[in-house]
Every structure is written in C-alpha cells, then in structure tokens.
There are 2 protein chains.
Amino acid sequence: MSDQGRVRNITDLARLAGVSPGTVSRALADSQLIAKKTREKIQQLAREHDFRPNVMARNLRIKRAGAIGVLIPLGHETGQHISDPFFMTMLGHLADALTERGHDLLLSRVIPKDPDWLNRVVDSGRVDGVILIGQSDQIDVIEKMASRYLPLVAWGANLPGKIHCSVGSDNRKGGEIATRHLIERGCRNFAFFGDPVAPEISERLEGCRAALSAVNMSSNLSILPAHLTAETAHPAISKWLDDTRSIPNGIIAASDVIAMSALRALAEHGVTVPGQVHVIGYDDLPFSNQTVPTLSTVKQDLAAGAAHLVDLLFRRIAGEETGSVVLEPELVIRQSS
Amino acid sequence: MSDQGRVRNITDLARLAGVSPGTVSRALADSQLIAKKTREKIQQLAREHDFRPNVMARNLRIKRAGAIGVLIPLGHETGQHISDPFFMTMLGHLADALTERGHDLLLSRVIPKDPDWLNRVVDSGRVDGVILIGQSDQIDVIEKMASRYLPLVAWGANLPGKIHCSVGSDNRKGGEIATRHLIERGCRNFAFFGDPVAPEISERLEGCRAALSAVNMSSNLSILPAHLTAETAHPAISKWLDDTRSIPNGIIAASDVIAMSALRALAEHGVTVPGQVHVIGYDDLPFSNQTVPTLSTVKQDLAAGAAHLVDLLFRRIAGEETGSVVLEPELVIRQSS
DNA sequence: GAGAATGCAACAATCGATTGCATTACACGG
DNA sequence: CCGTGTAATGCAATCGATTGTTGCATTCTC
C-alpha cells in the first residue's frame, strides 16, 4: 500500500479537492454553508480515501473529550480482581449506555495509593466526566472532588451528609427483605457473611439486624466479617463451617459471589440447601440462576442502575446539579431458600 | 472554589511563574535544559494549583494517543452480552497489563453492522493500537485491516493462511485432551455442546473427533450445535436432555459457561455428576472452581494470553512485524469428571 | 580585559481540526 | 454597465501542549 498518497488530514483532502481546509471541515460536518455540490464532492473524496478527521484534534478544539472515565477503585480490597463479576456486569451495561450516547469508555482500574488518583483522571482533560464503580474506602477523596467537579457520579451507598452524587440500591432495605424472607421460611439461627467495612455491606447488615430485632431474634445472628472475594470466600467459609459449633439454618451472604462460595462449601460439608440451610445472596448477577441449586437473592437492577448513572452524569455534564438515586431492591426467590 | 484564579494551562502557569510556556513545559517534563532552581519552582507551583497538563493537547502534538482500543466484536452472536464472563476476565487482565504500560483502555463493544466498524476506531486517531477480543465472523474485515495497519492483534484462533496477528490456545489440542480425559474416565458415549460456526469451537470439536477416532469411537458422538450463551444454554440443554433417548456419559462443553448450564440442567434432570455423567468445560474461568460440583475444564491461561496480546501489540506499535502465539491448553481436573 | 564557551530561557512553528469574520463571485434589478 | 444583495469560500486565530532554534548573560580562558 503506497503510504505516499495517503490523506492524513483535512489539509491533504483540501488540496485534493482544490478548496481550503475550512471548507473541507464544514463539508464533512455537512454544513449548509457549503454548496451542496461541493459538499458532496468532498464527502465522496473522503470516502474514496477512507479518510476520517482526527478525533483528538477535533476534541481539543471543541473542548470536549468524547470519553467518559470509568474507574474501579480498589481500596481496602487489593485482592479483588477487576474480573469480579459484579464490576464486569456493571461495566457491560455502562459500555452499552455510553456507546448509545456517542461516548467512549475509558476504563481504569485504580489502586488508590496516593489521594491523587482521582485528580489525575479528572484533570487530564481526556474525559468529559467520571463514573466510579464503587466508593471503596475513598469517600474523602471522592467528596473533595465532588465539591469542585460536577460531572462525577458513583455507584454505591447514598451516604447521609455526603454531597457526591450516587446511584445505588437501598441496601438497608435489601438486607431487611432478605432476612425477613428467611424468617418466613422458618429459619431461626442466622449467619451473615460479609465485611461491614464497606458501607454498602454495613447497611445490608444493619437491615438484617433490624429484621431480626423486629421478631426478637437479634441474638440469633453470627457474623463472618472477613473481606470475601471470589478467591478468598470459599476457604474462609469452609473454615468457618469447620469451627462453628452449630451451623445456622439461614445464611445471608453479602453478595452473590460469596453466596456461591457458600453453596459450594456447604455441599462439601454435606449440608443440603435448601433442606438443612437456606441461603440468600445479594446482587442477582447473571450467574446466579445458573448455580446448583439456583440462588435466591436480592436483585439490584444493574441495568437500571447503569442507565441512571449515565443519565445523571450527562445531566451534570450539561451543568445540572442532580440529586442521587436510590433503587428499590427486589427479592428474587429461587431454589436455595 | 474561585474558578477565577484557576490555572487551566501552561500559559497560565507560565504567567504565574514569570516565565514562558515553553519553559513550563520543559520544567514539568523535568528537562535538564531548565535550571534546577526554576524547574523546582515551577513544579512546586504546579503542585500548589494542582495543575496537570492537558493530555489531549500533548498527545496531539506528540502524535500518540496514549490509549489502546479494546474491541469486542459481537457478530453472529448478537445475543451475547459483554458481561459474558470470558470477555470480562480477559478485559480485566488487559486492563492491568495496559495500565502497567502507561496506556489507557478504550473499551468498545461493537456489533458489526457495516464493515466499517474497525476503520472507524483505527482512523479516528484516538488509539495507538487495537486489541480484538475474539474474531467473531469478521475475519475478512480483520484481515483487510491487518494488511495496512500493523498495531492490531486479536484473541482467537490462529487460522491458516491468515495474516493477522493472533493469540489463542491450541483449540484442537484442547478438544483432544478433554476428550481423551473422558475416555480414560470410562466414558463411551459423548455429547459436544457448542456451535462450530465460531472457528475456535469448530477446532475444539475437531480435536474431540480426532480423539474419538483414535480409539474407534467416532460414531459415539452427538452434537448440540446451538449457539449457546449464558442465557440460552440452559433451556437448550434442558430440552436436549428431554429429547435425547439415551443420555451420554461424557459431555464436552465448548465453554465453561455452557458447562455450568449443563451442570444445572443435569441436576434438574436428576442426573448425578460425575456419577452418571462426566462433564468437562473449556476456559477455566474464575467461577469454574466455584460450581457444584467444581468443574473440570481445559484451561486457557487468560492472564498469559493477555500478557502476550499486550506484548505483541507494543512490539507492533514499535514497528516490528511479530508472528502469532499459540498457547498450550492445560487439563484441569476437578470434581465434575 | 577581549573572545569563546556554556547555560538558560524565550520565540515561534507545529500537531489537526473548528469557526467567526472577511472576501470573492455571481445574479439581478435599475 | 454599475451597484447591491446573497450565497459560497477563504483566511487566520484558536484549542493546549511540545521542541528546534535563537538570543542573551554569565563564566571561563589566556
């Protein structure tokens, strides 16, 4: 392929068409200012050389980036991998929603060592806005940024007194309905698997406690407060099952990933689900109806969540000061409970 | 926050420091051309105003984009969602590898309606190179692009006679060792679940056939050739189990996602695994050792694959004409076989 | 103390587009 | 044939950086 005659910019194309670069620019933008005949000639020429104007140059001039930064902050959870199904599901929905709006998705997995990680992305000028998938333990950094930078939204808990815009489900309520469901199923002794250091999980636990105290069973709850990832959950739960004197008959897992590990650990301990133990998860990830037995769970509608995140973000990019959104969690009953 | 005094570009900072923009640029790049004292003063000033030079402008001048396009072409598989665990796992590894090299990841899920989808990304000037996760049914488009654009690599089958650079595992061999393993386990009747339209899967099936014909059992194989996604696999398999006269005792699934659905469908049909039927998957995704029973599978080392993809890509960006890489598949024996 | 060498910083062109304003060309009426 | 109006195009500044070249002070040398 002769790289000689290649059309690299509008100036090349302008020369070819015998017009000025400005005219080419307008013609390719289909501006009415340019005579229809000229316009079509230039567009035809562009097609022949399959030329496309340089997006970066355009964006520099236009002062927009055409991309949204999607960050996955992994603070206290250094072990957690980006391939965590939760993140990935959310990411897929975001990719779809952003593409629809003509924006690219700049993905970044950040392990926030210094408090500068967010500044770096925002001030780089390569994104028009930022979506955080999760707040991790970086609330302070996020709050600070939110005070000066409008187009920033986060998936996660809607924390009282915090100003940053968030979309998340009502975790307290989710924990509550999960627990109430198990109570109705006849469970009397409960275990909660999940680390309350993360705000979302702490709220779920709170909801769980509320449901129990409503029926005077507050004392029937034990907690496995480890930080549980896809890798660490199974050994932790297995050990817990070994150590615990009496296995509870209702298990509330803080996430589907944890619940899945629990199902497996229980199977290995010869405990039947839902025969001896009822298990409920949280999230309703795509795999949750593929487990054996299929997993009852509290659904967070991630598709809707992603749509909200993107919608709020674009309204903020336009200058609007939007509020946060709290989604209703929904009980999904399958075989495990 | 007063937006008045905000330092928006090096010119602002230059004014503040009483030097020229050029000097600021060099100072921030820590160039030896600038006196150490001046340099430090400017850097200090930049820190105070937490100013960071605009990456887009820089990239325009430097003629690099600082980002790699990662595309997921979903051709014949319109039903397939980006949240397919396979893509996501790969994506996670790529994100890590690219971040290490100081590049961003521009994610795009493309449904190739017109043959222009790849051009659009390549010629936009916003990426330094492109990684395709999968070839889908877009071999022609990919080949055409590969002939003129060096920094392009794809995950997938290494197809004979094709020039584009690929990284993938030896699917034929993978299919073979999976099947041999089941034969050793005493299976005599086999089923293969997966659609041979995709080149990878067709190769796996071929390997499977080869292993069977080596022991004169070619005729003992039935095939469920549906295109199977996380959503469609379970009903399809369930129906197949209903319809089939005698359930085989060895099932080779073309992917772990399919295998997982098979495990569930079998459980629902009261078939024990590995008691009555041995099941083996393909991929070794993170969840594959979380299923009940845990899934035997043919591991594709996606971490290594991602590392190779990124390595090859950067060598190509540097101008080298690299060859393709074929990874060795590895048998991972767990409970399901 | 004059001339050469050296170190620093300023100047200005450049990357590839967009766009307000100036200018040209053409048509038409008087 | 000229003035005027309008449609179409050209010109040049601009977005925010980078970098080769140039110019000005010092400092060094003999």
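Keep in mind it's a predicted model, so treat the numbers as computed, not measured. All chains are named by letter (A, B, ...) in the order of the sequence lines, taking the proteins before the strands, and each is independently numbered beginning at 1.
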Decide if atom [atom1] of [X] counts as having more than 12 heavy atoms of other residues, nucleotides or ligands within a radius under 6.0 Å.
X         : atom1 : value
Glu320(A) : CD    : yes
His103(A) : NE2   : yes
His308(B) : NE2   : no
Glu48(B)  : CD    : yes

- Salt-bridge criterion met for Asp50(B) and Arg120(A) (N-O under 4.0 Å): no
- Query: Is the closest basic N to carboxylate O distance between Arg52(B) and Asp116(A) below 4.0 Å?
  - Reply: yes
Rounded distance (Å) that lies between atom [atom2] of [N] and atom [atom1] of [X]:
X         : N       : atom1 : atom2 : answer
Asn59(A)  : dA17(D) : CG    : C1'   : 15 Å
Ile42(B)  : dT18(D) : CD1   : P     : 12 Å
Lys41(B)  : dC8(C)  : NZ    : C1'   : 13 Å
Asp12(A)  : dT14(C) : CG    : C1'   : 15 Å
Asp123(B) : dA17(C) : CG    : P     : 11 Å
Leu28(B)  : dA17(D) : CG    : P     : 9 Å
Asn54(A)  : dC15(D) : CG    : P     : 18 Å
Arg58(B)  : dC15(D) : CZ    : C1'   : 17 Å

- For nucleotides 5-11 of chain D, 5' to 3', base contacts (B), sugar-phosphate-only contacts (S) and non-contacts (-) with protein non-hydrogen atoms under 4.0 Å give ---SBB-
- Message: Can you pull out the residues from residues 60-68 of chain B that lie within a 4.0 Å heavy-atom distance of DNA chain C?
- Response: Leu60(B), Arg61(B), Lys63(B)
Can you find a pair of side-chain heavy atoms, one from [X] and one from [Y], that are under 4.5 Å apart?
X         : Y         : answer
Phe87(A)  : Met90(A)  : no
Phe86(B)  : Leu302(B) : yes
Val153(A) : Leu312(A) : yes

- Query: Can you find a side chain N or O atom of Asn9(B) that sits less than 4.0 Å from OP1 or OP2 on dG16(D)?
  - Reply: yes
